[in-house]
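Down below is the structure, laid out as structure tokens.
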Amino acid sequence: MRYVLTLDELTGTRKTAIKAGICQIGRAAGQMAEGTCHLRDPLVEADSLGEALRALLPNTKEDLTLDLGEKVERSVVMLLQEATELFCGGRSAECLQLSEVILDYSWEKLNTGTWRDVDKDWRRVYAFGCLLKAVCLCEVPGDGAPAQAALRICDMGLLMGAAILGNILIQVAAVLQRHLLSGKRPAPDLTRELPSPKKARNDQVSAPDVELERTVPRLHCPSLEYFRKHFLVPQRPVIMEGVASHWPCMKKWSLEYIQEIAGCRTVPVEVGSRYTDEEWSQTLMTVKEFISKYIVNEIPELKQDISIPDYCCLGDGEEEEITINAWFGPQGTISPLHQDPQQNFLAQTGGFINYNSSSQADQQKVIGRKYIQLYSPQESEALYPHDTHLLHNTSQVDVENPDLEQFPKFAKAPFLSCILSPGEILFIPVKYWHYVRALDLSFSVSFWWS
Amino acid sequence: MASLGGGGEAASLSARFLWCAELESKARAGKVPRSGQLSLFLLNLVGARRGRARRNASGTAGVSPLVRWAVPRVLQVRLLPGMAEERPGAWYGFGFCGFGQAPGSGRGRQVHGPELLGAPVDTCRVSASWSYTAYVTRAGRAELAGAASGAAGGCADAWASEALLAVLRARPGPGPGAELQIWTPGSALRGKPLWSQPVESGCAEERGSGGRARAPSLPLLPGGSAYVSPRAPFFRPLAPGLRARRLELGAEHALLLDAAGQVFSWGGGRHGQLGHGTLEAEPEPRLLEALQGLPVAEVAAGGWHSVCVSEAGDVYSWGWNEAGQLALPSRSLAEDGKPVSREALHEDGSEGKEAGDEEGAPSPFVVIQPFPALLDLPRGSEAAAASCGSRHTAVVTRMGELYTWGWGKYGQLGHEDLASVDHPCRVEFFVAQHLRVQAVACGPWSTCVYAAERGES
């Protein structure tokens, strides 16, 4: 009787914002790994953590003040000034209280209207609130171990906020992360764990038959001009081989490594078989929780370092405007047929070499594949997109099990298909409908550009 | 936002409550909310018996459609013993007061339980924004407290928002007439308003607004033909056919109650706050079909949720439930580790656990409720008035009790704590102090209540 919706924010624009956050987290973790952060060594005791964090921030009121436009109301500006004064005066407990108010008020602004209408200044106010709260949490005497909570707050600021004070949240998060890791025992050595017999099931996964006449064409390292003339301008999909193969992340990734350097970070996770289902939901959890809950018995090797494909420079946007999403999920993960408002390079980066087998042939088998079907925007009518504004870029048809009675035109819609393996990049033109199913545990990186 | 109107109308509110209580005791068997026709019939019946003499005398309305509206107006004058013993009440407040806008002690940034507001004497209208509050007295004086200060005379009504302060004032200069003035909160009501426009000044009797004692209040303008918006354009006309009686604004939507008791909604709908069963936005006022035929007495808009109270005293809510503001099970409250007291209060007021919890079946959490859901108040209470803050809801019952639920982090629920709850909880302060709650006006993170000592036990 009651209509229960479990979808949280679902518009593509909000997803964009959240994914950008992942990119930030990835960058932070990457900086950590490479040791490019110029920080003092984090010390283990709590007081020193507070000091270490405070040292990251400017210590004068003027330098801490944000330059905000008129959308931010006078009353909020007053509060921000007061909070800054309290912070500079070392009154952490009171500053903490005020930061909560700032966070709650700006959070309401972030939830008003569509994400793209949210004034960037409110996101900056939100990030500022996160910054103050995270630092003050570590300074206020109280129940121990504020670092994890503070890190979660930084992650929220990175996800929902906007860069402030030279993107200081990344640095604060890095310090917190190092603090958390320094106090911990090393993560269990997963590489030594014998793969369970269940591994064999990978071979039994039905890789769909890809009919030749409908395969996505493949090129090896095309020149910029060739790609632009034959695929970007006419908006035709193509798989590019050899482009990503030199990326460091193509080498072995380790689950242990990602758990170690990013395990305590909070990321948004989509839970559910497909996002058009009623039980689908989006939730926040740490990477460690996600891995222990959803990634079991797998030992892929993963690495963080990625490069933006050169082909993105053919677009109009700035490099900072390229949205990089990292997708990590178990075998069987499905993205239902949908279209995106920007050009997309989907790089398949996750794979691993089968350690288990002693045979040479098996050892070279690299797994981490995605099965993809592509439909041109001209076929949109045959794909029966949802009526609602929220899901108008999503098809109602279940691609691999279509209800042809309800969706008759779908049977006749021509499509391209392919299996994307590690090291390959698929170019998905803007608004090209795509359906993705992970044949193995895989890690992909997608680049949205214009 | 509640308004007590002017001149002796505090008394008439309780009069109306008492009248409704008598009516309900007759109509209780037929209290099936969706059957609006049934309520109408019963109202007519009672009205006919009681009001006939008065009706002829006053010469108003004759037959059917107007009878049910004429009746309350007529009866309220005559009514009830106990009226003469009505004590003057006072305004209480609780919740966020981080800008020193009172409640009384003003200590800290929030007040967790009802305290006397430092409101001017004889305040009949309270409009609370996030950082300041506007009071309007019967004498027509508007006073601001909190981040904005200042005062001015000749004001009939005021509406406070962070972006602007709207005031209904007597037109400057000779001659009658009223003017809508838009001020920035920081102006302290000095100098010239940002913008002003003459408006028709109707009086309560002419408005034909169903005999309800309350005049249309800001943001709805007198005459019901336009309303004030905190975002440009400030002055927004309404379609003439709408006959608006009451209008409430949420963070991204608007609710309108018309003279016939029908509810309209428009604006953003992504949290289901429009009540049409979808998450689509509506550019123009659209009738809430789910409530069609059900005469609604009150509407209230929160940040992203909506509440209405029917003439029969039922409460309906719809929209976002992320903090339990719809009094439906909220996932985030459960996950926060607070013991989810999902106690179901039965009709007779006894408490008991819902079967679902004991069986271990997953509770049906509601994040978004896109069309109206009927709410049961504990002890079978009937609602008389409602007001919503950003993410909380407050309801006054006919018996003069106050129930609150939703987001409680700043003490805006008045339960002497900072917990959020997803089911109606009575504010015990007023019971303990033998106070009869008569009106409620919520700010975004606060609640203001008008209550008076009960005349008799």
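Letters A, B, ... are given to chains in the order of the sequence lines, protein chains preceding strands, and every chain is numbered from 1. Keep in mind that the numbers below use all heavy atoms, side chains included, and drop hydrogens, waters and symmetry copies.
How far OG1 of B:T184 is from CD of A:E73: 12.5 Å, rounded to the nearest 0.5 Å. From B:R270, atom CZ reaches atom CH2 of A:W115 across 10.5 Å, with rounding to the nearest 0.5 Å. Rounded to the nearest 0.5 angstrom, A:H392 NE2 and B:E280 CD are separated by 10.0 Å. Atom OG in B:S390 sits 9.0 Å away from atom CH2 in A:W107 (nearest 0.5 Å). The CG atom of A:D104 sits 9.5 Å away from atom CZ of B:F96, with the distance rounded to the nearest 0.5 Å.
Taking 4.5 Å as the limit, every side-chain heavy atom of B:Y132 sits out of range of all side-chain heavy atoms of A:S75.
Each of A:T112, A:D117, A:T114 was compared with B:E252 under the side chain to side chain contact (heavy atoms under 4.5 Å, CB included) criterion, and only A:T112 meets it.
Using a 4.5 Å cut-off between heavy atoms, B:W318 does not touch chain A at all.
Scanning both residues, B:Y410 and A:V101, for their nearest heavy atoms gives OH-CA, 3.3 Å. Across A:M78 and B:A147, no two heavy atoms sit closer than the pair CE-CB, 4.3 Å. Taking every heavy atom of both residues into account, A:N111 and B:W304 meet most closely at O-NE1, 3.1 Å.
B:W130 and A:E108 share no side-chain donor-acceptor pair at under 3.5 Å.
We find that A:E100 and B:K409 are joined by a salt bridge, their nearest charged nitrogen and carboxylate oxygen being less than 4.0 Å apart.
More than 12 heavy atoms of other residues, nucleotides or ligands sit less than 6.0 Å from atom NZ of A:K61.
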